Amino acid sequence: MEPTETLFMIILKIVLIIIFAIIPFLFGVFSNISTKFHKVFFIAGRIISILLAVSIAAGLSVGIVFVTENAFEARPSYIYACYFCGLITAFIPLSTFHFTTCKKTKKQRACYLTLSFIAFFVILSGFEFLYNRAFGFVFQTEREELSINEFYTDHPEADKNSDINVFASIQNGVREFTANISVYKDSIILKTIESNYIGDGKSEIDSCYRNDLPPDLIQDIIEEITYYQQEIEYSPFADACLHPSASIELADNRNATTIKLYLPDLDEYHPNARRLAKKIKSLVKDSKIDPTKGCSN
């Protein structure tokens with residue numbers, strides 16, 4: 001989620017608390033300071049608090065049903081948790097009125113009211129968290145282990161005599177970057193091809209060959225691939241932008257194992273995947289492709 005969206009959601013939660021708390025709060029204040037109409041304000045405040053609570057619960061119920069029927073994908077377990085969490089917010093007007101009119105000192109009432117608002121802010125944050133998971137779009141990376149034969153079937157150009165082979169393909173719009181890293185006992189070789197589609201079936205192609213790669217960085221890349229864990233993010237929004245993505249495979253000839261990673265949406269989500277793609281791209285200093293900035297930035 002972009003920083004501006006996060007700020008907007010914080011402001012929205014505060015506004016919702018104020019909207020549903022201000023009316024019960026005012027009735028509670030008038031009930032406390034009025035001697036002639038104390039009972040009138042007290043009864044009216046209680047009735048209005050209950051009506052506001054019912055309206056929150058009813059509105060939430062209708063909203064959940066509508067969104068469930070029209071959602072791109074709905075996840076039942078999160079829907080129930082989201083609904084339960086949302087129903088708790090129906091107590092905002094009730095708790096506000098109660099703590100404003102309860103028989104406590106002004107300092108105690110103010111303390112309870114403040115704690116109540118903080119609690120409901122946390123509850124609304126939980127509702128937002130669950131709502132995104134119940135109805136939002138899922139952006140997930142993939143990690144799987146394959147046989148060594150599958151790797152060499154897909155990449156016949158890779159050297160079987162090396163200790164480790166890494167094949168990485170990074171796509172960003174019309175640009176594509178492929179890297180082949182072969183790690184031997186006494187050397188490391190990098191071969192890359194970078195293409196840029198310019199139209200009419202034509203592409204600009206640059207190639208690179210290096211045998212002076214920094215061993216520490218290559219070892220770091222290998223470890224990141226080996227221990228990479230799937231990352232998942234949820235968002236209430238999806239855009240039509242073409243996000244950069246990467247496909248990375250590591251073949252360990254010593255252990256006869258292959259790890260394959262599919263890393264989509266690098267510019268919006270998945271910080272570990274984004275870091276890994278940056279490190280692979282950094283092996284070629286004059287590369288024009290940016291694996292973490294797409295059309296949405």
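No experiment lies behind these values; they were computed from the predicted model shown. Worth knowing before you read on, the calculation uses all heavy atoms, side chains too, and leaves out hydrogens, waters and symmetry mates.
Here the side chains of Leu16 and Phe20 are in contact, with some heavy-atom distance below 4.5 Å. In this structure, Cys85 and Ile123 have side chains that are in contact, with non-hydrogen atoms separated by less than 4.5 Å. Looking at heavy atoms from C-beta onward, Cys208 lies out of side-chain contact with Glu194 at the 4.5 angstrom threshold. Contact check for Ile23 versus Ile48: side-chain heavy atoms found under the 4.5 Å cut-off. Here the side chains of Lys278 and Thr292 are in contact, with some heavy-atom distance below 4.5 Å. Tyr262 is not listed as a side-chain neighbour of Ile248, based on a closest heavy-atom distance of 4.5 Å or more. A 4.5 Å side-chain heavy-atom check between Pro264 and Tyr269 finds every atom pair outside the cut-off.
In summary, of the residues considered (Asn165, Asp163, Asn161, Ile164), a side chain to side chain contact (heavy atoms under 4.5 Å, CB included) with Asn253 occurs for Asn165 alone. For the ring pair (Phe, Tyr, Trp, His ring centres under 6.0 Å) with Phe97, the lone residue among Phe42, Phe25, Phe41, Phe27 that qualifies is Phe42.
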Distance-only check: which donor-acceptor pairs under 3.5 Å involve side-chain atoms of residues 112-119, not counting sequence neighbours?
residue, atom, partner, partner atom, Å
Thr114, OG1, Ala110, O, 2.8
Ser116, OG, Ser95, OG, 3.1

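Residues passing the side-chain hydrogen bond (donor to acceptor under 3.5 Å, both in side chains) test with Ser31 are His38, sequence neighbours excluded. Listed by chain and number, the residues in a ring pair (Phe, Tyr, Trp, His ring centres under 6.0 Å) with Phe120 amount to none (sequence neighbours excluded).
Judged by distance alone, with hydrogens and angles left aside, the side-chain atoms of Arg175 form no donor-acceptor pair with the main-chain N or O of Ile289 at under 3.5 Å. A donor-acceptor pair under 3.5 Å links the side-chain atoms of Glu231 to the main chain of Ala273, judged by distance alone. Side chain of Arg133 to main chain of Glu233: no donor-acceptor pair is present (N/O by atom type, distance under 3.5 Å, no hydrogens or angles). No donor-acceptor pair under 3.5 Å is formed between the side chain of Arg109 and the backbone N or O of Thr101. No donor-acceptor pair under 3.5 Å is formed between the side chain of Asp220 and the backbone N or O of Asp216.
Judged by a 6.0 Å distance limit and a 45° cone about the ring axis, Lys281 is not positioned over the six-membered ring of Phe177. At least one cation-pi condition fails for Lys191 and Tyr209: the charged atom is not both under 6.0 angstrom from the six-membered ring centre and inside a 45 degree cone around its axis.
Side chains of Ser169 and Gln171: a donor on one and an acceptor on the other come within 3.5 Å.
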